[in-house]
Number of protein chains: 2
Amino acid sequence: MSGQPSCLVQNLSHYIDLTDHDRELLATLERSPRDYSEATEIHSGGDRNRDLYVVKQGWLFSYTDLPDGRRQIVKIHHPGDVIGFPDIAMKHMTTNLRSVEPVTLCPFPKSALETIFTSSPRLSALMLSIALRDQVVFIDLLRVMGRMSAMERVSHFVLDLLARLRITNKDMTDTFRLPLNQSQIADYLGLTNVYISKTFKRLQDDGMLSRDGQQITLTREEELKELVDFEDRYIEMDTSWFPGG
Amino acid sequence: MSGQPSCLVQNLSHYIDLTDHDRELLATLERSPRDYSEATEIHSGGDRNRDLYVVKQGWLFSYTDLPDGRRQIVKIHHPGDVIGFPDIAMKHMTTNLRSVEPVTLCPFPKSALETIFTSSPRLSALMLSIALRDQVVFIDLLRVMGRMSAMERVSHFVLDLLARLRITNKDMTDTFRLPLNQSQIADYLGLTNVYISKTFKRLQDDGMLSRDGQQITLTREEELKELVDFEDRYIEMDTSWFPGG
DNA sequence: CCCCGTCTTTAATCTGTATTGAAGCGGCGG
DNA sequence: CCGCCGCTTCAATACAGATTAAAGACGGGG
C-alpha cells in the first residue's frame with residue numbers, strides 16, 4: 001500500500017487530511033494497474049458503462065467526434081486524476097478516451113465508489129466537491145471558448161495546465177512539459193493546428209512564454225493571468241462544511 | 001405542502017419514485033418563496049457563498065462578464081431547477097444570476113442539503129446524478145461552442161431547451177415559449193445578436209422552425225437532431241445503482 | 001392613439017481564423 | 001549516415017461571423 005506514493009492520494013491530500021482508513025479505501029481503487037502505449041484508444045463513447053480509471057502515469061484526453069470528422073477534446077487527464085466521473089449518471093460512456101503517451105491506469109468498477117460513499121462521509125464529500133469543482137472549470141472553459149480570441153485561449157490553456165500540475169507537484173515552477181501536439185491543442189481550444197502555431201509564435205515573440213521542445217516556460221505569468229482574467233479553481237475549495245474527520 | 005404541485009418534485013419524479021419522506025424533505029427547500037421582477041440581478045459572482053435557489057416560476061440565467069464587457073451566459077434556468085450546485089465546492093459564487101422575466105425563487109441554505117444527504121441516500125444519489133448529468137451537458141455544449149457553426153449552434157440550442165422543458169411538462173409538443181431576446185441568445189452561444197437574427201431567419205426560410213412572437217415551433221425536429229448529432233441527456237439517467245427506496 | 005424605447009431585421013464593410021499547400025526541422029529506424 | 005515520417009512553420013487565399021449603422025416592427029404608457 002505504501003511503497004511509491006500514490007498521485008491520487010497526493011491530489012486529494014491537497015484539500016483535506018486523509019485518515020489511514022481513507023488511504024486504505026483509495027488504495028482499493030489502485031489495485032490493478034495496467035499499461036497502455038501511446039496513442040491508444042482506451043474506450044469509446046457509447047460503450048456500455050463499465051469502469052472508471054485512476055491515472056497513475058502519463059497524459060490522456062477525453063474527446064468526442066462529430067459525424068463529419070470534426071473533433072473536440074473535452075478534458076485532459078493527468079496523474080492523480082479520476083477519469084469517468086460524469087458518466088456515472090449515464091448508461092453509456094459519453095466520450096472517447098485516448099492516451100497521448102505511454103500511460104499507467106488503474107481501472108475500477110463503479111461499485112468501488114459505493115464502498116467509499118457508504119464508509120467515509122468525509123471522502124465522499126471531497127469527491128462530490130471535486131466533481132462540482134470540475135463543473136466550475138467547464139464553465140470557465142465555456143467562457144473561454146465562447147468569448148475569447150485565439151491568443152487568450154492559448155494563454156488560458158497553459159495557465160490552467162500549470163495550475164493543475166501544481167496540485168500534485170508542489171515544487172512545480174513556471175516550467176512544465178506539454179506532451180500534446182498542436183493539432184490536439186487545436187482540438188481542445190476549437191481552433192486549427194496552423195493557428196495554434198501562429199499564436200504560440202506570437203506569444204513567444206511578445207515574451208510571454210518560451211519553448212524548448214515540449215518544455216513550456218511562462219515568463220510573465222501574472223500578465224497572462226490578467227490578460228485572460230484567470231481564476232485558479234484548483235488551489236482552494238470550500239471544505240468547511242465537510243463532516244468531521 | 002400539497003396545494004400546487006411543486007416543479008422541483010415534478011422534475012425529480014421523472015427519474016425516481018419519491019417517497020413521502022423525500023417529498024417532505026424537498027418541501028423544506030421550497031419554504032420561503034420570493035418574487036423578483038424581470039431583469040433583476042439576484043446575486044453576483046464573488047459574493048460570499050450563501051444560498052442556493054429552487055426555481056418555482058419564470059426563466060433566469062447565470063452569466064459571467066469579462067473585464068472588457070464581453071459576456072457569456074453559461075446556464076439557463078427553468079422552473080424545477082436547483083440553482084447554485086457547482087458553487088457548493090467554492091468559497092465564493094462564480095457567476096452572476098439574473099431574471100429574464102418575473103420569477104419566483106425559493107432560497108435555501110447549503111445546510112438544508114446536508115439534511116437531505118444524511119437522511120435520504122436515494123435522494124442524495126439522485127441529486128449527485130443530476131450534478132454529474134449537468135456536467136455531461138456542459139461537455140456537449142463545449143463541443144457545440146468549439147466545433148459547430150452558427151446554424152448548428154442555434155439548432156442545438158432550441159433542441160436542448162425543448163428536451164429540458166419536456167421533463168417538467170410531459171405534454172409539451174414541438175412548440176415552446178422562448179422569453180430570451182437575441183442578444184441573450186448570442187451571449188449564450190458565443191455569437192452576436194445580429195448573427196442570431198440572420199441565423200433564425202435562415203432556419204425559418206429552410207423550414208426547420210417557425211416563429212410567432214416568443215413562440216418557437218420546431219417543424220422538423222428529427223432533421224435538426226441529425227444536423228447537430230443531438231443527444232437527449234435529460235430523458236434518461238442511470239438510476240440502477242441507487243440505494244433502494 | 002401616438003410616442004418612445006426596446007428588439008429585430010437588413011445592409012455594407014471589416015477582420016480573425018480557416019483552408020490549402022509547400023517548405024523547414026528533427027528524430028528514429030534501418 | 002541516410003531517408004522517411006510526423007510535426008511545425010510559413011504564405012496566399014477564402015470565408016464565417018463581427019461590427020456598425022440605419023431602418024422596420026412592436027408594445028406599453030401617457
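Per chain, numbering begins at 1; letters A, B, ... match sequence-line order.
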Q: Specify the residues of residues 210-218 of chain B, ordered by number, for which at least one heavy atom lies under 4.0 angstrom from an atom of DNA chain C.
A: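 Nucleic-acid contacts, sorted: B:Arg211.
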
Q.
Would you say A:Ser197 places a side-chain N or O within less than 4.0 Å of OP1 or OP2 belonging to D:dT8?
A.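 So the side chain of A:Ser197 is outside the cut-off, no N or O lying under 4.0 Å from OP1 or OP2 of D:dT8.
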
Q.
Tell me whether the side-chain N/O atoms of A:Tyr195 come closer than 4.0 Å to OP1 or OP2 in C:dT17.
A.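 For C:dT17, OP1 or OP2 has a side-chain N or O of A:Tyr195 closer than 4.0 Å.
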
Atom-to-atom span, [atom1] of [X] to [atom2] of [N] - whole angstrom:
| X | N | atom1 | atom2 | answer |
| --- | --- | --- | --- | --- |
| A:Leu203 | D:dT8 | CG | P | 15 Å |
| B:Asn181 | D:dG27 | CG | P | 15 Å |
| A:Lys201 | D:dA11 | NZ | C1' | 13 Å |
| B:Asn193 | D:dG17 | CG | P | 15 Å |
| B:Glu101 | C:dC7 | CD | P | 14 Å |
| B:Arg153 | D:dG17 | CZ | P | 7 Å |
| B:Arg202 | C:dT9 | CZ | P | 15 Å |
| A:Leu180 | D:dC7 | CG | P | 12 Å |

Q. Are A:Leu52 and A:Val82 close enough that some pair of their side-chain heavy atoms sits under 4.5 Å apart?
A.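 Yes - at least one pair of side-chain heavy atoms lies under 4.5 Å apart.
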
**Q.** Close side-chain approach of A:Phe230 and A:Leu224, heavy atoms under 4.5 Å
**A.**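 Result no, sub-4.5 Å side-chain heavy-atom pair not found.
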
Q: Give the intermediate values and the outcome of salt bridge (charged side-chain N to carboxylate O under 4.0 Å, His left out) for residues B:Arg147 and A:Asp187.
A: CA-CA 8 Å; B:Arg147 288 304 183 198; A:Asp187 284 338; 2.8 Å; yes

Q. How do A:Met148 and A:Val194 order along DNA chain C: which one's closest nucleotide is nearer the 5' end?
A.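 It is A:Met148 whose nearest nucleotide is closer to the 5' end.
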
Q.
Please classify the nucleic acid contact of B:Ile196 as base, sugar-phosphate, or nothing, using heavy-atom distances under 4.0 Å.
A.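 No contact.
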
(Q) Considering every strand and a 4.0 Å limit on heavy-atom distances, what is the contact class for B:Lys198: base, sugar-phosphate, or nothing? (A)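 Since no nucleic acid heavy atom lies under 4.0 Å of B:Lys198, the category is nothing.
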
Q: Considering non-hydrogen atoms only, spot the tightest contact between B:Leu97 and B:His77 and give its length.
A: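 B:Leu97 and B:His77 have their closest heavy atoms at CD1-CD2, 3.8 Å.
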
**Q.** Closest listed nucleotide, where the reference is the side chain of A:Gln182 and the choices are C:dT10, D:dG17, D:dT8
**A.**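 Between C:dT10, D:dG17, D:dT8, the one nearest the side chain of A:Gln182 would be D:dT8.
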
**Q.** Nucleotide nearest B:Thr192 when distance is taken to its side chain, options C:dT17, D:dA18, D:dG17
**A.**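 Selected nucleotide (nearest to the side chain): D:dA18.
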
Q. Judged by atom type as modelled, is there a donor-acceptor pair below 3.5 Å linking the side chain of A:Arg166 to the main-chain atoms of A:Ile235?
A.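 The answer is no, because no donor-acceptor pair under 3.5 Å joins these two groups.
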
Q | Aromatic contact, A:Tyr188 with A:Phe61 (centres under 6.0 Å) | A |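 Between A:Phe61 and A:Tyr188, which both carry aromatic rings, the centre distance is not below 6.0 Å.
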
Q) Looking at A:Tyr63, does the NZ or CZ of A:Lys75 lie under 6.0 angstrom from its six-membered ring centre and within 45 degrees of the ring axis? A)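 Ring-cation test returns no.
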
